[in-house]
Every structure is written in C-alpha cells, then in structure tokens.
Amino acid sequence: MTRPHDCPAMRSLLAELATGAASGHERAWVLGHVTGCPACRAELDELAKVADGLLMLAPPAEPPPEFESAVLKRLGMAGSRTVGRRYSRRMMLAVGGMAAALLLVSGGSATVVYQQGETDRALADQYRQTLSIANGRYLKAARLTTPSGAQSGTVFLYQGSPSWLLVSISSAPTDGRYEIHVRDRGGVLRTIGACQVKDHAGTTGYQLDIAVAHVAEIQLTQNSQTPLTATLPN
Amino acid sequence: MGVSDEALLAGMAAGDPQAATTFVRRYQSRVYGLAAAIVGRSATADDVAQEAFVRAWRFAGGYDARRGSVLSWLLTIARNAAIDTIRLRRDQPYDPDILLTVLSADEASDDRQIEQLADTDQMRTALRGLPREQAAAVVLATFYGFSAREIAERERVPLGTAKTRIRLGLARLRDHFEVSDDKTA
C-alpha cells in the first residue's frame, strides 16, 4: 500500500523505472506506490518523457532500398494476394480469441472458470463446434503462475492450421509490457511477441510456428525477469 | 501539411495500404537510424526496424496521444525491438561511449516538426553537459535496456553507484530540458 513516507525511497527509484533499469522487484514496488501517489506518478511521467526524448537523438539513417516493400509485405499490404492471406491470419486469431473467450468469464477482470456444470458442458459443445469449424485438432490450456505459484492467468494453445497461442492475464504482478517466449521440448527458447498489461490484465494471441505438442513452457518476461510461467504437460 | 501521424497510424492499423506506405516512408529513416545506433548498421538493424513497424501496426490500438507523439511512441517500440534482439542473439551491444558520440553530434535533421527539433537540440545540449559516467549509465539503461546491476558490472562500480549515476543523470537532463505537458497535449 502507498504510504507518504515511502516517497523519498521511491524518488530514488523513479529514474531507474523510467529508463528501464529497475529490477522486476523494484518495478513492482514502485508501480504499486505510484498508483496511489499522484506526486510520484507525476515525477515518473516527467522522467519517462526525458528518457523517451533521448531516443529522438539517434540520427536518422536511410534503410536499404527494399525496406519499405519488406515492411509492407510483413504487414500483408504488399499486394492483394498477401493482403488476403494476412487478413485470414488475423481472422484466425480473432476466431482463436473467440474460442478462448468461450472458456473465459469476464466481469471487469478476466477470471477463468472451468467447472460449472451445465455451463461447462455447453462450453464444451461450443468448443467442439469451434474446433470442427476451423479444422482444429485440439486446444490446450495451462495456468500462468508467478514464481510463488499464484495463478495470474491462462495460456491457450490451439493445434490447427495455423496453430496459435493465446495469453490471457488476469492478475499480473505489474503493468507494462511482457515479452512472450516459447520453450520447446528440446530446450530452445524463442520470442514470439509481447503482451501489454494494463490494470494487471491483458490478452494477446500469436501464431505458433511449432506444433503445440512440442511446446514445453511459456514464459512471460519483463526486464529480463521471468515473473510468469506456464508449463505444458506432455 | 500532410495527413496527421495519428490518422496514418489509424489507417495502417485498419489495413489501408496507402496509409501504411505513407507512415513507413515518413518514419523509416528515424526508426532505422535508432535501430542502427543500437545494434549497428547491419541486416540486424534492418530486421529490428521492420519489426518495429510490424509491432506498431499490431499495437496501434495501444497508442495514447496524451502520453506523447507518435514518433516518440514508435521509437520506444523500435528501442524495445532492438533490446529484444540484443538479448536473444546475445550480441555485444555497442560501447556506450561510441553511442554517446553519435547522440551528441550536431545533426542536420530533416525533421519536419520545428518544435520537436528545438526539443532535440535542448536534449543534445543537456546530454553533452553530463559527466561521462552519468551519461553512460543513462544511455546503457535507456538504449540497451541494461539493469542497474548490469551497468554496475559493466562499469565495474558498486550497485549503489550505478543507481546514483542513473538518478543524477536523468535528473540533470530533466532539469535542463524542462518537460512541458503543453507540448504533448
């Protein structure tokens, strides 16, 4: 909880938070404080603007000639055919989101509820229908937990074409950006995207380039720390 | 005056190829320049800059005009993409002294926003005025994503000293460069 006498200690950490140098523990501490302390929040906003302003000092440089077309291609806007493919992928993610939403009951914060009698059976029917519509094979879910074991959300993995991962966070320890990493059963860790968390909650989805069966673990990191992990059983 | 950055960003997010093309053309040199400053001029910088635009497209809904300009938001995304690359590939980041020289050099900028130019000049002057060790600590954290502990190890100083350098350095920059909320309103 925020206490006025915390402010002097916080002030010394605000610059570290603004530049990204604060450790995960310190980030949680400071963010918890500034939520209830307008003075420290204003100070943090000012310092963050200064830190962001430093990035403006990087001198402009012309990228390679094919840069623009490469970006547009990645955005699926390089031609009508790729536009269609990108939209279909986005639609897949949207469908994925809807499928996962079938397993979510949201009431302000996204709380996952599994065992609910008739509701659960209805959800199971909808789940099977969704899988059949998208020619999916199965949907896996695993708890996203803090190092102390507290559940902070859920990850959903869909095996289909394409396969995808949906991360739903309902009670993250801190707000901000979390990098999403997938560790396969061979131990290889790859970064696949990020999830923006606001008010301790956030949801995002990405296409998976490996089979769901090969995924051993999902890690969500913030400033090199790994505050959230989901382990997939064999 | 052309289409606003905000309108282009919204158009790009909605899948408008023309808006996306204009947006990329408008900011590709700034994004690539920042990527090159962090990871060096290479194919990696190309990848990082491309990734920054992809993330901007993906997370366009998260842009909040009250918190800063589109360019500032975009450069923050580019910085994060560069840091991700450095960590993932375990590349050795550039020496902070080299980056400090690049950042402190006078720039014949082609930036179209005069107000932003004035701010950048102020920031550059402020950075030049910092003691080297404070400037290095701020740059290592801001551009390379180093934690205070990593800065302490790299600079071979106690953790408390690294923390003090970051705090004093950023405070001095702030004092020199008076941040006005009016400018970002």
Side-chain angles (χ1 to χ4, degrees), chain A residues 11-16 18-24 26 42-43 45-64 66-79 83 86-87 90 177 179 181 189-191 193-194 196 198 204 206 221 223-225, chain B residues 12 15 17 20-21 24-25 28-30 32-34 36-37 41 46 49-50 53-55 57 59 62 68 71-72 75-76 79-80 84 87-88 102-105 107 109-110 116 119-120 123-124 127 138-139 141-143 145-149 151 163 166-167 169-171 173-174 177 179 184:
Chain A
R11 293 284 163 96
S12 67
L13 288 171
L14 293 177
E16 289 178 53
T19 56
S23 68
E26 289 168 336
E43 171 96 355
D45 285 346
E46 279 198 4
L47 292 172
K49 283 179 185 172
V50 174
D52 290 347
L54 277 170
L55 301 179
M56 297 278 195
L57 297 185
E62 284 307 315
E66 69 280 9
F67 180 84
E68 178 187 311
S69 58
V71 172
L72 294 174
K73 186 176 179 184
R74 287 186 64 180
L75 300 186
M77 298 182 200
V83 167
R86 164 56 74 183
Y87 283 158
R90 296 194 90 184
R177 185 168 179 276
E179 299 293 332
H181 314 276
L189 190 67
R190 63 197 87 196
T191 304
Q196 198 66 35
K198 187 178 178 186
T204 192
Y206 287 97
T221 64
N223 291 329
S224 302
Q225 307 292 319
Chain B
M12 182 170 78
T21 303
V24 172
R25 283 181 187 163
Q28 61 182 0
S29 65
R30 298 302 305 261
Y32 181 78
L34 176 60
R41 272 181 176 271
D46 193 0
Q50 285 186 32
F53 280 107
V54 171
R55 291 185 188 184
W57 168 71
F59 301 121
L71 175 58
S72 176
L75 291 182
T76 303
R79 185 269 311 271
N80 291 339
D84 290 348
R87 286 179 178 156
L88 195 64
V102 171
L103 300 178
S104 302
E107 182 64 35
S109 176
D110 58 354
Q116 209 163 59
D119 288 351
T120 304
M123 183 66 82
R124 186 172 289 114
L127 187 63
V138 170
V139 162
T142 305
F143 285 82
F146 275 39
S147 66
R149 185 171 299 282
I151 292 170
K163 285 172 169 280
I166 296 167
R167 178 169 55 83
L170 202 62
L173 287 176
R174 193 264 309 271
F177 177 75
V179 177
T184 56

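Just so we're clear, the structure is a prediction, and the values are computed from it rather than from any experiment.
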Q: Start with the C-alpha gap between B/R174 and A/E43, add the side-chain angles, then the distance that decides, and say whether side chain to side chain contact (heavy atoms under 4.5 Å, CB included) holds.
A: CA-CA 10 Å; B/R174 193 264 309 271; A/E43 171 96 355; 3.4 Å; yes

Q: Output, in order, the C-alpha distance, side-chain angles, deciding distance and verdict of side chain to side chain contact (heavy atoms under 4.5 Å, CB included) for A/L55 and B/T76.
A: CA-CA 7 Å; A/L55 301 179; B/T76 303; 3.9 Å; yes

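Applying the side-chain contact (heavy atoms from CB on, under 4.5 Å) test to B/R149 and every residue at least two apart in sequence or in another chain returns B/S147, B/E153, B/L159. In this structure, the side-chain contact (heavy atoms from CB on, under 4.5 Å) partners of A/S69, at least two apart in sequence or on a different chain, are A/E66.
Counting heavy-atom pairs closer than 4.5 Å to chain A, the top-ranked of the candidates B/D46, B/I151, B/V138 is B/D46. Annotation: maximal heavy-atom pairing with chain A below 4.5 Å, among B/A171, B/A148, B/G169, occurs at B/A148. Most heavy-atom pairs under 4.5 Å with chain A: of the set B/V139, B/T142, B/L127, this distinction falls to B/T142.
Contact check for A/M56 versus B/M123: no side-chain heavy atoms found under the 4.5 Å cut-off. The shortest side-chain heavy-atom distance between A/F67 and B/Q50 falls under the 4.5 Å cut-off. Contact check for B/V102 versus A/P59: side-chain heavy atoms found under the 4.5 Å cut-off. No side-chain heavy atom of A/V71 sits under 4.5 Å from any side-chain heavy atom of B/W57. Contact of the B/L170 side chain with the A/E16 side chain is not registered, since no non-hydrogen atoms from C-beta on lie closer than 4.5 Å.
For B/S104, no part lies near chain A; criterion is any non-hydrogen pair under 4.5 Å. For B/R167, the parts sitting under 4.5 Å from any heavy atom of chain A are the backbone and the side chain alike.
Nearest heavy-atom pair, A/A21 versus B/I166, reported as atom, atom and distance to 0.1 Å: CB-CD1, 3.7 Å.
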